[in-house]
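A quick write-up on the structure given underneath.
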Amino acid sequence: MRLATWNVNSALVRLPRLLPWLDERNPDIVCLQETKLSDEAFADALAAPLAERGYEFAHVGEGRWNGVAILSRVGLDDVERQLPGAPTFGDVLEARAVTATCGGLRVTSVYVPNGRTPDDPHYAYKLEWLAALRDSVTDPATTVIAGDMNIAPTDVDVWDPAVFTESTHVTPPERAALAELVGLGLIDVVRAKWPDHDRIFTYWDYRAGRFHQDLGMRIDLVLAGADPAGRVAAAWVDRKARKGSGPSDHAPVIVDLDEALDGDIGPVVPPPSTPKKLPPRR
DNA sequence: ATGTCATTTTGTAAATGA
């Protein structure tokens, strides 16, 4: 089973990239962020092409900003349209989380508040929001939280830590909030797969040729509980989706899970009765 | 680099957010 997360920076504008990407990568579960659409507009633009590809979806949108979705072709049940106890920013309950049960996993697509700068009210809101996210996890073992965390877990996840010392995304309180979430029993599966690699980035600013120079950050994460984390066969960043014309400023993260051993693994195809004969070596 | 992209509007240029 293939799970992916992608901050698309407008699902409508990204449609010419999103649909071919679905066809190429064939994910079973997709968490999207920054759809920037109302629920109605998302359905108008995407319901037909997604149905054609076998996906059900759950979308939570505001219209102008934010907006998250889960696409699934392995079931989509018990949809929760917000985090329990999610804080508002001003009076607005922003569209930053949607949860559903897909393929035996409790999946949440998250778009964590950016924070702007550490002295901005948006930063305090970010920390409150992360606390609500932590408190929303009831069964870590089967949980997957995937999306744009707007936090680089360590300095290795930033192209130049010196550039970000006074910035959001790397401050100790944000990293502590992420550590609390992980401390519930979740695993950052890309980092677990590539413990010694630097320059694993998922986001590159559009400005200043940052992608071309590979000056990015790893802020899009897949956090998985013990069951899915133990079945990770592959975990990687799809940098190809950041190239070419009209990309998002984020690349997708793709995670492949082996089938659960205690479940129905489907029909077992027997090997051919006669082994194929190799041509003679010359 | 103040470098781009996407959104919206007392709208067609400027603001806001990332």
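Being a predicted model, the structure only gives us computed values, none of them experimental. Every chain is numbered from 1, with letters handed out A, B, ... down the list of sequences.
In this structure, A/Arg210 reaches neither bases nor backbone, as no heavy-atom distance under 4.0 Å exists between it and the strands shown. Within the nucleic acid shown, A/Tyr111 comes within 4.0 Å of sugar-phosphate atoms alone, with no base atom in reach, counting heavy atoms only.
Under a 4.0 Å N-O distance rule, the pair A/Arg14/A/Glu34 does not qualify as a salt bridge. Contact check on A/Asp28 versus A/Arg2 returns no salt bridge, with no Lys/Arg side-chain nitrogen under 4.0 Å from an Asp/Glu carboxylate oxygen. Salt bridge annotation for A/Arg25-A/Asp238: present, with a cationic side-chain nitrogen under 4.0 angstrom from a carboxylate oxygen.
Of the residues near DNA chain B, A/Glu34 and A/Tyr206, the one whose nearest nucleotide (by heavy atom distance) lies more toward the 5' end is A/Tyr206. Between A/Gly246 and A/His122, the one whose closest nucleotide on DNA chain B sits nearer the 5' end is A/Gly246.
In this structure, A/His122 and A/Phe89 have perpendicular ring planes: the angle between them is above 60°, well past the 30° mark.
One C1' atom belongs to B/dT12, the other to B/dA1, and the distance between them is 28 Å to the nearest Å. To the nearest whole angstrom, the two P atoms, one in B/dT10 and one in B/dT4, are 27 Å apart. Distance check on atom C1': B/dG3 versus B/dT9 gives 26 Å, rounded to whole Å. Remark: the separation of the P atoms in B/dT7 and B/dT2 is 25 Å, to the nearest Å.
For residues 143-164 of chain A, every residue pair satisfying the salt bridge (charged side-chain N to carboxylate O under 4.0 Å, His left out) rule, not counting sequence neighbours, is listed here: A/Asp155-A/Arg175, A/Asp157-A/Arg191, A/Asp157-A/Arg218.
With a heavy-atom cut-off of 4.0 Å to chain A, the contacted part of DNA chain B has its first and last nucleotide at B/dG3 to B/dA18.
At a threshold of 4.5 Å between non-hydrogen side-chain atoms, the residues A/Leu71 and A/Leu32 count as touching.
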